[in-house]
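Remarks on the structure that follows.
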Amino acid sequence: APSSAPSGSSLPAYFIKGSIIQLADGELKHVEDLKTEDFIQSAEISSELKIDSSTVERIDDSHTPNFAIVQFSVGEHRAQVSVEVQVEYPFFVFGQGWSSCCPDRTTQLLELPCTKLSVGDVCISLTLKNLR
Amino acid sequence: NVEPRSVPVFPWHSLVPFLAPTQSD
């Protein structure tokens, strides 16, 4: 069964500092050492996945404690997508690194160095390549 | 005796959210 972060967060274990991540070319890196280029190059190798730019348009409090609703404008068509996530959930911002709605909580729970996610930040997200 | 424990390795795409709008074409 997939393990999760220590008490206080139900985020997956791969966001905990020190977790080992395998890039598409087989290289292993710690989650806290990942760079924008690692995601871009991995997506280029992938036959199924492509990276989209997702710009943060709004961040609102959720009715659920410790959750936030983040609205993104996704891809070249600027499709509006909202996700409800724990405030400590880290998104990877292009050229910047891990960012969350509550970076203090992310650092406390996951030990993952993190900055504050803000409106206008451009996050890395994935979509499926068109398979024809 | 201590049994060796395997260290989990996670694929890179686990870390990236799927924000896939409905594709239209």
Side-chain angles (χ1 to χ4, degrees), chain A residues 2-3 11-16 18-31 34 38-43 45-46 48-56 70-83 85 89-92 98 112 123-130 132, chain B:
Chain A
S3 55
L11 289 190
Y14 41 71
F15 285 126
I16 301 172
S19 294
I20 299 173
I21 309 302
Q22 185 168 40
L23 305 182
D25 64 1
E27 185 183 356
L28 300 177
K29 281 196 165 190
H30 287 134
V31 62
L34 292 172
D38 295 326
F39 292 102
I40 292 174
Q41 288 168 8
S42 288
I45 293 173
S46 170
E48 297 179 343
L49 303 172
K50 71 169 184 173
I51 280 182
D52 256 342
S53 301
S54 294
T55 304
V56 178
V70 185
Q71 183 176 325
F72 292 97
S73 168
V74 180
E76 58 184 313
H77 299 298
R78 303 180 61 81
Q80 301 296 301
V81 176
S82 289
V83 293
V85 293
Y89 188 97
F91 294 93
F92 200 94
W98 295 110
L112 184 68
C123 298
I124 291 177
S125 65
L126 287 174
T127 56
L128 288 174
K129 284 180 179 172
N130 282 327
R132 295 177 189 275
Chain B
N1 286 343
V2 178
E3 290 187 16
R5 297 177 63 184
S6 59
V7 177
V9 176
F10 302 98
W12 68 276
H13 51 77
S14 303
L15 302 162
V16 189
F18 260 85
L19 297 179
T22 306
Q23 300 217 349
S24 57
D25 70 345

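We name chains A, B, ... by the order of the sequence lines, and we start the count at 1 in each one.
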Original post:
Where does B/V7 contact chain A at under 4.5 Å (heavy atoms): side chain, backbone, both or neither?
Top reply: side chain
**OP:** Answer whether the closest heavy-atom distance between the side chains of B/L15 and A/F92 falls below 4.5 Å.
**Re:** no
Original post:
If we only count heavy atoms from C-beta on, is the B/W12 to A/V31 side-chain gap below 4.5 Å?
Top reply: no
Original post:
Which distance, rounded to the nearest 0.5 Å, do you find between the CZ of B/F18 and the OG of A/S54?
Top reply: 11.5 Å
**OP:** Report the distance from atom OG of A/S46 to atom NE2 of B/H13, rounding to the nearest 0.5 Å.
**Re:** 7.5 Å
**OP:** For A/F15, enumerate each residue passing the ring pair (Phe, Tyr, Trp, His ring centres under 6.0 Å) test, keeping only those at least two apart in sequence or located in another chain.
**Re:** A/Y89, A/W98
**OP:** Below 4.5 Å from any heavy atom of chain B, which atoms of A/L23 appear? Answer side chain, backbone, both or neither.
**Re:** both
Original post:
Given that the side chain runs from C-beta out, which part of A/F39 has a heavy atom under 4.5 Å from chain B: side chain, backbone, both or neither?
Top reply: both
Subject >> side-chain hydrogen bond (donor to acceptor under 3.5 Å, both in side chains) pairs, two or more places apart, involving residues 20-31 of chain A >> reply: A/K29-A/D38
**OP:** Search all heavy atoms of A/V81 against all heavy atoms of B/L19 and return the closest pair with its distance.
**Re:** CG1-CD2, 4.0 Å
